[in-house]
Amino acid sequence: MAADRRTVIENCSIATVDAHDTEYADGYVVIAGNRIESLGAGKAPEGLENVGRRIDATGHLVTPGLVNTHHHYYQWITRGLATDHNLFNWLVALYPTWARIDEQMVYAAAQGSLAMMARGGVTTAMDHHYVYPKDSGDLSGAIIRAARETGVRFTLARGSMDRSEKDGGLPPDFAVETLEGALTATEATVKEYHDASFDAMTQVAVAPCSPFSVSTELLREGAELARRLGVRLHTHGSETVEEEKFCHELFGMGPTDYFESTGWLGEDVWMAHCVHMNDSDIAAFGRTKTGVAHCPSSNARLAAGIARVPDMLAAGVPVGLGVDGTASNESGELHTELRNALLINRLGAHREAALNARQALRLGTYGGAQVLGRADQTGSLEPGKLADLVLWKLDTLAHASIADPVTALVLGAAAPVTASFVNGRQIVEAGRLLHVDEDAIARSTRVEAQRLARIAAR
């Protein structure tokens with residue numbers, strides 16, 4: 001969009017998710033180029049020039065776009081498998097199949113994952129891709145290409161594994177990289193794709209997979225690499241009781257202490273899951289501002305447990321929401337995680353006081369932006385921030401009798417997305433993606449899922 005071209009959205013409820021949780025029952029938003037120019041109660045200012053479009057958003061709630069902080073796109077083509085397994089057994093069952101992916105499969109799976117999220121209100125997405133079989137093609141390039149085509153803001157967490165079965169890890173021997181190979185490829189990916197600018201559409205993080213699939217050297221040297229290159233760090237942490245036992249047996253300490261010993265706590269770090277954390281662990285994350293990607297549906301699917309999100313928030317830990325891989329969250333949607341985060345956390349020690357609807361929305365927007373290091377640019381609706389926002393239709397049968405729009409969005413049925421904007425550019429119209437063909441993607445993902453199943457069976 002031209003820098004002076006304006007889009008005016010009027011007659012809508014607005015939840016800004018700013019520092020004061022400012023809301024407007026009937027308000028407007030003005031987008032100029034790729035930025036939010038103004039917003040407030042009532043009608044937009046008169047006399048605006050270069051208005052290219054006016055949207056009557058009667059019956060809608062406007063929020064910041066949702067921010068996904070943890071995912072594994074390649075798993076889109078292995079959904080519905082090992083449905084009654086815990087994490088370790090699930091990994092053992094699926095790694096032999098995942099180790100046979102190639103560029104064509106990964107591209108199709110990324111398209112499917114991104115399409116499902118984008119049409120459900122995600123404007124900033126990420127992918128933690130860590131399976132790089134030998135001679136499988138340009139997997140990182142394929143994922144980034146799919147994100148650019150869909151139109152979302154994107155972080156590739158370039159993952160890696162160097163601890164295979166022969167070293168006491170879980171992945172097959174042929175599915176891992178060498179220490180040197182992983183570090184070299186990660187650095188090359190950062191240098192080719194990472195954009196540090198304010199309105200960057202593509203960023204890269206350094207992301208060794210997990211304590212039970214990478215060596216201590218890869219964790220330590222990966223942290224050093226990320227800080228030398230000025231990018232963020234991501235991994236899995238404290239997901240299951242089995243992981244805690246593994247760390248104590250192999251390293252003589254729990255996961256959080258192990259991460260701290262390898263340089264993996266800090267405001268430039270975020271970890272997925274963090275289900276099994278004691279008071280000391282949470283205090284360490286709060287002290288260092290280490291972020292957490294909370295994945296409630298996946299945690300439930302794999303029977304991992306309930307993360308202590310209310311205690312994390314009270315300790316000052318940045319927390320966002322994650323879909324996680326669609327082999328452990330078959331829906332692949334983030335907007336349903338708003339509801340699941342609230343409900344699952346109320347099953348924990350804090351019960352009805354665990355989270356409310358506005359806290360859940362904050363997790364899925366501003367909290368996610370914090371975790372990805374982009375809270376100055378996105379995650380809330382404020383003048384000067386990037387124009388990443390969603391119009392949720394709340395006047396249909398599913399929501400019309402719920403007076404509070406935020407409660408309707410979070411606790412009601414999954415709300416339709418009438419429009420979604422990223423960087424000022426519309427990517428969804430009436431629940432359909434504008435820049436990619438959903439039907440073609442559905443066909444290609446089915447073909448690639450069937451091809452992978454045939455290869456794995458051989």
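This structure is a prediction, so every number in the text was calculated from the model and none was measured.
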Return all side-chain donor-acceptor pairs below 3.5 angstrom for residues 303-310, not counting sequence neighbours, or 'none' if the list is empty.
residue : atom : partner : partner atom : Å
Arg308  : NE   : Asp311  : OD2          : 2.9
Arg308  : NH1  : Met277  : O            : 3.0
Arg308  : NH1  : Asp279  : OD1          : 3.2
Arg308  : NH2  : Asp279  : OD1          : 2.6
Arg308  : NH2  : Asp311  : OD2          : 3.2

Which residue is it: Cys295, Ser297, Pro296? I am looking for the one with a side-chain contact (heavy atoms from CB on, under 4.5 Å) to Asn329. Ser297

What distance do Leu313 atom CG and Gln359 atom CD have between them, rounded to the nearest 0.5 Å? 6.5 Å

State, yes or no, whether a side-chain contact exists between His435 and Ile427 at a heavy-atom distance under 4.5 Å. yes

Pairs involving residues 52-77, ordered by first then second residue, that meet salt bridge (charged side-chain N to carboxylate O under 4.0 Å, His left out) (sequence neighbours left out): Glu10-Arg54, Arg53-Glu429

Test item: Thr326 side-chain N/O and Trp76 main-chain N/O as donor-acceptor pair under 3.5 Å: yes

Closest contact, heavy atoms only, Pro405 versus Leu61: O-CD2, 3.7 Å

Can you give me the closest heavy-atom contact between Thr69 and Trp270, atom names plus distance? O-NE1, 2.9 Å

Go through the steps for Lys393 and Asp395 under the test salt bridge (charged side-chain N to carboxylate O under 4.0 Å, His left out), then give the verdict. CA-CA 6 Å; Lys393 187 171 178 59; Asp395 60 358; 2.9 Å; yes

Can you check salt bridge (charged side-chain N to carboxylate O under 4.0 Å, His left out) on Glu192 and Arg158, steps first, answer last? CA-CA 12 Å; Glu192 181 172 0; Arg158 203 292 181 184; over 6 Å; no

Under 4.0 Å between a side-chain nitrogen and a carboxylate oxygen: does that hold for Glu49 and Arg6? no

Counting only N and O atoms by type, is there a donor-acceptor contact under 3.5 Å from the side chain of Arg153 to the main-chain atoms of Thr123? no

Hey, mind stepping through Leu66 and His335 against side chain to side chain contact (heavy atoms under 4.5 Å, CB included) and telling me if it holds? CA-CA 7 Å; Leu66 301 183; His335 60 307; 3.7 Å; yes

Which value, rounded to the nearest 0.5 Å, describes the distance between Asp18 atom CG and Leu39 atom CG? 8.5 Å

Take Phe212 and Leu91 through the side chain to side chain contact (heavy atoms under 4.5 Å, CB included) test and state the conclusion after the steps. CA-CA 11 Å; Phe212 46 82; Leu91 290 171; 3.6 Å; yes

Angle class for the His234/His128 ring planes (parallel below 30°, perpendicular above 60°, tilted otherwise)? perpendicular

If you count heavy atoms of other groups shown closer than 6.0 angstrom to CZ of Arg145, is the number above 12? yes

Is the backbone of Asp138 close enough, under 3.5 Å, to the side chain of Glu103 for a donor and an acceptor to pair up by distance? yes

Centroid-centroid distance, Trp98 to Trp90, less than 6.0 Å: yes

Roughly how far apart are Lys43 NZ and Asn11 CG, rounded to 0.5 Å? 3.5 Å

Shortest non-hydrogen separation from Ile9 to Ala57 and the atoms involved: CG2-CB, 3.8 Å

Test side chain to side chain contact (heavy atoms under 4.5 Å, CB included) applied to Asn423 and Leu386, step by step: CA-CA 6 Å; Asn423 219 39; Leu386 297 169; 3.7 Å; yes

Taking the side chain as every heavy atom from C-beta outward, state whether Leu389 and Leu381 have any atom pair closer than 4.5 Å. yes

Spatial distance of atom CD (Glu438) from atom CD (Gln111) [nearest 0.5 Å]: 11.5 Å

Is Asn356 close to Val410 at the side-chain level, that is, under 4.5 Å between some pair of heavy atoms? no

Do the side chains of Arg362 and Asp21 get close enough for a salt bridge, i.e. N-O under 4.0 angstrom? yes

Between the side chains of Arg119 and Glu333, is the shortest nitrogen-to-carboxylate-oxygen separation below 4.0 Å, so that they form an ion pair? no

Please check if the side chain of Arg232 supplies one atom and the backbone of Val371 the other of a donor-acceptor pair under 3.5 Å. yes

Sub-3.5 Å donor-acceptor pair from the side chain of Glu337 to the main-chain atoms of Leu321, do we have one? no

Work out which heavy atom in Gln377 is nearest to a heavy atom in Lys385; give both atom names and the distance. O-CB, 3.5 Å

Might you work through the side chain to side chain donor-acceptor pair (under 3.5 Å) test for His71 and Asp324, ending with a clear yes or no? CA-CA 4 Å; His71 211 317; Asp324 202 10; over 6 Å; no

Within the structure provided, determine whether Leu452 and Thr97 are in side-chain contact (heavy-atom separation under 4.5 Å). yes

Of all heavy-atom pairs between Pro211 and Glu243, which one has the smallest distance, and what is that distance? CG-OE2, 3.7 Å

Would you tell me whether Asn299 and His273 have side-chain atoms, one donor and one acceptor, within less than 3.5 Å of each other? yes

I'd like to check Val436 versus Ile441 (side-chain heavy atoms, cut-off strictly below 4.5 Å). Are they in contact? yes

Any ion pair linking Glu224 and Arg220 (charged N to carboxylate O, less than 4.0 Å)? no

Checking side-chain polar atoms at under 3.5 Å, does His60 have a donor or acceptor matched by the opposite partner on Thr418? yes

Kindly indicate whether the side chain of Thr235, heavy atoms from C-beta on, has any atom under 4.5 Å from the side chain of Phe259. yes

Approximate separation, where rounding is to 0.5 Å, of Leu411 CG and Ile402 CD1: 7.5 Å

Mutual orientation of the aromatic rings belonging to Tyr132 and His129 [parallel < 30°, tilted 30-60°, perpendicular > 60°]: perpendicular

When you measure from the side chain of Tyr74 to the backbone of Gly325, do you find a donor-acceptor pair of N or O atoms at a distance under 3.5 Å? no

Do the side chains of Glu239 and Leu87 get nearer than 4.5 Å, heavy atoms only? yes

Can you name the nearest heavy-atom pair linking Glu177 to Ala185, along with the distance? OE2-CB, 4.3 Å

With a 3.5 Å distance limit and no angle check, can you tell me whether Ser136 reaches the backbone of Pro133 through a side-chain donor-acceptor pair? yes

Counting C-beta onward and ignoring hydrogens, is there a side-chain heavy-atom pair between Thr202 and Leu156 closer than 4.5 Å? no

Inspect the contact between Arg432 and Asp437 and indicate whether a charged nitrogen and a carboxylate oxygen are less than 4.0 angstrom apart. no

For Val269, does its backbone N or O pair with a side-chain atom of Lys289 as donor and acceptor, under 3.5 Å? no

Tell me if the centroids of the rings in His72 and Tyr130 come within less than 6.0 Å of each other. yes

Could you please spell out the steps behind the side chain to side chain donor-acceptor pair (under 3.5 Å) verdict for Thr186 and Thr189? CA-CA 5 Å; Thr186 300; Thr189 303; over 6 Å; no

Can you tell me how far apart OG1 (Thr365) and CG (Asp388) are? Round to the nearest 0.5 Å. 11.5 Å

Arg227/Glu221 salt bridge by N-O under 4.0 Å criterion: no

Are the aromatic rings of His70 and His236 close, with centres under 6.0 Å apart? yes

